[in-house]
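Here the structure is laid out as structure tokens; the discussion comes afterwards.
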Amino acid sequence: MTENTPSSPRNPFYDVIIVGGGAAGLSAAQMLGRSRRSVAVVDSGDPRNAPAQGVHGFLSRDGISPAALLAAGRAEVASYGGMILRGEATAATGDVRQGFRVTLDDGSQLRGRRLLIATGLVDELPDIPGLRERWGKDVLHCPFCHGWEVQDQAIGILGNGPWSVHQGLLFRQWSSNITLFLNDRTIPSEPELEQLAARGVKVVAGAVETLRVEGGALRGVALAGGPEVALDALVVGALTSARVHAFAGLGLSPLPHPMGIGDYLETDADGATAVPGVWAAGNVTDLKAQVLASAASAAWTAVVINNHLMAEEMERDLAAYRESQALTGA
């Protein structure tokens, strides 16, 4: 792997530029490298799941640390000739006919025939003291990612919108000690209140003011002007924002997700965006995708990109062949 430093060379033109060095971006780079395509992966070095202790639900890699998974992915990409370039994309221009140009935060530029956006999401966490510091540890969001690790513990659900009721009902599968804190943000309907009661989920009114952390672990939450409730884990359904600001120059912008949980970059089933020659893969376009699903979808999108390039090459070679046949009279 060639990881760039200020003095290291950068290939002036690639078949595919991939912006985003997470599971999706690396999976696509591996597939394209195996297809003998020249690939540059722009990696900002701040993956969304960095605070998590382990990646779960990834067959054969369950529990691996996010850092170890990415290190293995980078090594595999490098083994097929892919370039990993540290930096953050700040702007992108171009089109499918002339190629694309991506500007990085150090002022350097990359050029490529095709562009894949795999920049992921940013979690917009509630502004509650102590919450961000425990994010990915005992402040969680996904039962399928973290439920097993907190099974049978005292779990709180921080109200952050209408989806928090569903989270409370879902986490009840992992523990019988579930408390939904309405937090002045969630108002269950009468049918939902009945469902919560039937499942034994406690409902507590009032805003959560702060988290109590002792000995490097969450111990509970304090309500504004009220009591403290002991907890082992707290679930937060954070709003998410797609990292696509760098691609505004291409005419790409995020759309509100129909579930009201954030925004995303719209693509077709193969990952193609509305801009010819530009694809997207991973959480930036699929908010529900876990790590394994992000990697799998990106691998398929890489196949589609390769075939798109191959079709262009076929047209070029066919035109040249016909011209040579005409010149020789064959």
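- Inter-residue side-chain proximity for Asp286 and Ser297 is flagged as unmet; no heavy-atom pair is nearer than 4.5 Å.
- Remark: Ala293 pairs with Ala289 by the side chain to side chain contact (heavy atoms under 4.5 Å, CB included) rule, at least two apart or across chains.
- Within the 4.5 Å cutoff, the side chain of Phe247 has no heavy atoms near those of the Val275 side chain.
- Exactly one of Val139, Leu234, Leu180, Thr179 qualifies for a side chain to side chain contact (heavy atoms under 4.5 Å, CB included) with Leu158. That residue is Leu234.
- The distance from atom CG of Leu211 to atom CD of Glu228, rounded to the nearest 0.5 Å, is 9.5 Å.
- Residues Leu309 and Met314 fall into different hydrophobic clusters, defined by Ile, Leu, Val, Met, Phe, Trp and Tyr side chains chained together at heavy-atom separations under 4.5 Å.
- With rounding to the nearest 0.5 angstrom, the CD1 atom of Ile17 is 11.0 Å from the CD1 atom of Ile117.
- By the 30° and 60° cut-offs, the orientation of the rings of His141 relative to Trp135 is tilted.
- Side-chain contact between Val77 and Val39: absent, with no pair of heavy atoms (C-beta onward) separated by less than 4.5 Å.
- For Glu194, the CD atom sits in a loose shell: 12 or fewer heavy atoms of surrounding residues, nucleotides or ligands are nearer than 6.0 Å.
- The side-chain heavy atoms of Ser44 and Arg243, taken from C-beta on, include a pair separated by under 4.5 Å.
- No more than 12 heavy atoms of other residues, nucleotides or ligands shown are found within 6.0 angstrom of CG on Asp127.
- Hydrophobic clustering places Leu125 together with Val208 (ILVMFWY residues linked when any side-chain heavy atoms are closer than 4.5 Å, directly or through intermediates).
- Closest of all the heavy-atom pairs between Phe13 and Ser38 is O-OG, 4.3 Å.
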Side chain to side chain contact (heavy atoms under 4.5 Å, CB included) between Phe58 and Leu69, worked out: CA-CA 10 Å; Phe58 200 127; Leu69 179 64; 4.2 Å; yes

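- Distance alone, capped at 3.5 Å, places no donor-acceptor pair between the Thr103 side chain and the Gln109 backbone.
- Between the side chain of Asp105 and the backbone N or O of Gly87, no donor-acceptor pair lies under 3.5 Å.
- Atom CD1 of residue Ile155 and atom CG of residue Leu231 lie 9.0 Å apart, to the nearest 0.5 angstrom.
- Without hydrogens or angle criteria, Ser108 side chain to Leu104 main chain gives no donor-acceptor distance under 3.5 Å.
- Under the 4.5 Å side-chain heavy-atom criterion for Ile, Leu, Val, Met, Phe, Trp and Tyr, Leu169 and Val150 are members of the same hydrophobic cluster.
- In this structure, a donor-acceptor pair under 3.5 Å is absent between the side chains of Asn177 and Ser175.
- Note: Arg36 CZ to Asn306 CG = 12.0 Å, rounded to the nearest 0.5 Å.
- If you chain together hydrophobic residues whose side chains sit under 4.5 Å apart, Leu265 and Val102 fall into the same group.
- In plain terms, the two heavy atoms of Pro66 and Asn49 that are nearest each other are CG-O, 3.3 Å.
- Under the 4.5 Å side-chain criterion, counting only non-hydrogen atoms from C-beta, His56 is not in contact with Phe144.
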Derivation of the side chain to side chain contact (heavy atoms under 4.5 Å, CB included) call for Ser35 and Met310: CA-CA 11 Å; Ser35 303; Met310 185 184 69; over 6 Å; no

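- With values rounded to the nearest 0.5 angstrom, Ile187 atom CD1 is found 11.0 Å from Glu192 atom CD.
- More than 12 heavy atoms of other residues, nucleotides or ligands sit less than 6.0 Å from atom CD of Gln151.
- Remark: the backbone N or O of Asp270 is paired with a side-chain donor or acceptor of Asp268 at under 3.5 angstrom.
- For the atom pair Glu149 CD and Leu140 CG, the distance stands at 9.0 Å (nearest 0.5 Å).
- Between the side chain of Trp279 and the backbone N or O of Thr301 there is no donor-acceptor pair closer than 3.5 Å.
- When the side chains of ILVMFWY residues are joined at heavy-atom separations under 4.5 Å, either directly or via intervening members, Leu70 and Leu292 end up in two distinct hydrophobic clusters.
- Under a 3.5 Å cut-off, the side chain of Asp138 and the backbone N or O of Leu218 do form a donor-acceptor pair.
- Judged by distance alone, the side chain of Asn183 and the main-chain N or O of Ala207 form no donor-acceptor pair under 3.5 Å.
- With a 6.0 Å radius and a threshold of 12 heavy atoms from other residues, nucleotides or ligands, Arg219 has its CZ atom above the threshold.
- The minimum heavy-atom distance linking Thr186 with Asn160 is given by the pair OG1-N, 3.4 Å.
- The closest donor-acceptor contact from the side chain of Glu315 to the backbone of Glu312 lies at 3.5 Å or more, if one exists at all.
- Between Arg74 and Leu26 there is a side-chain heavy-atom pair separated by less than 4.5 Å.
- Here the rule is side chain to side chain contact (heavy atoms under 4.5 Å, CB included) with Arg86, and of Val41, Asp106, Asp43 only Asp43 fits it.
- For the pair Val221/Phe181, a side-chain contact is recorded, criterion being any heavy-atom separation below 4.5 Å from C-beta on.
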Working for side chain to side chain contact (heavy atoms under 4.5 Å, CB included), residues Arg37 and Arg113: CA-CA 11 Å; Arg37 297 296 182 184; Arg113 297 168 64 190; 3.9 Å; yes

Worked verdict on Ile18 versus Leu32 for side chain to side chain contact (heavy atoms under 4.5 Å, CB included): CA-CA 10 Å; Ile18 300 174; Leu32 287 164; 4.1 Å; yes

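- With hydrogens and angles ignored, the 3.5 Å screen pairs no side-chain donor or acceptor of Ser27 with any backbone N or O of Ala24.
- Side-chain contact check for Tyr14 versus Leu110: some heavy-atom pair is nearer than 4.5 Å.
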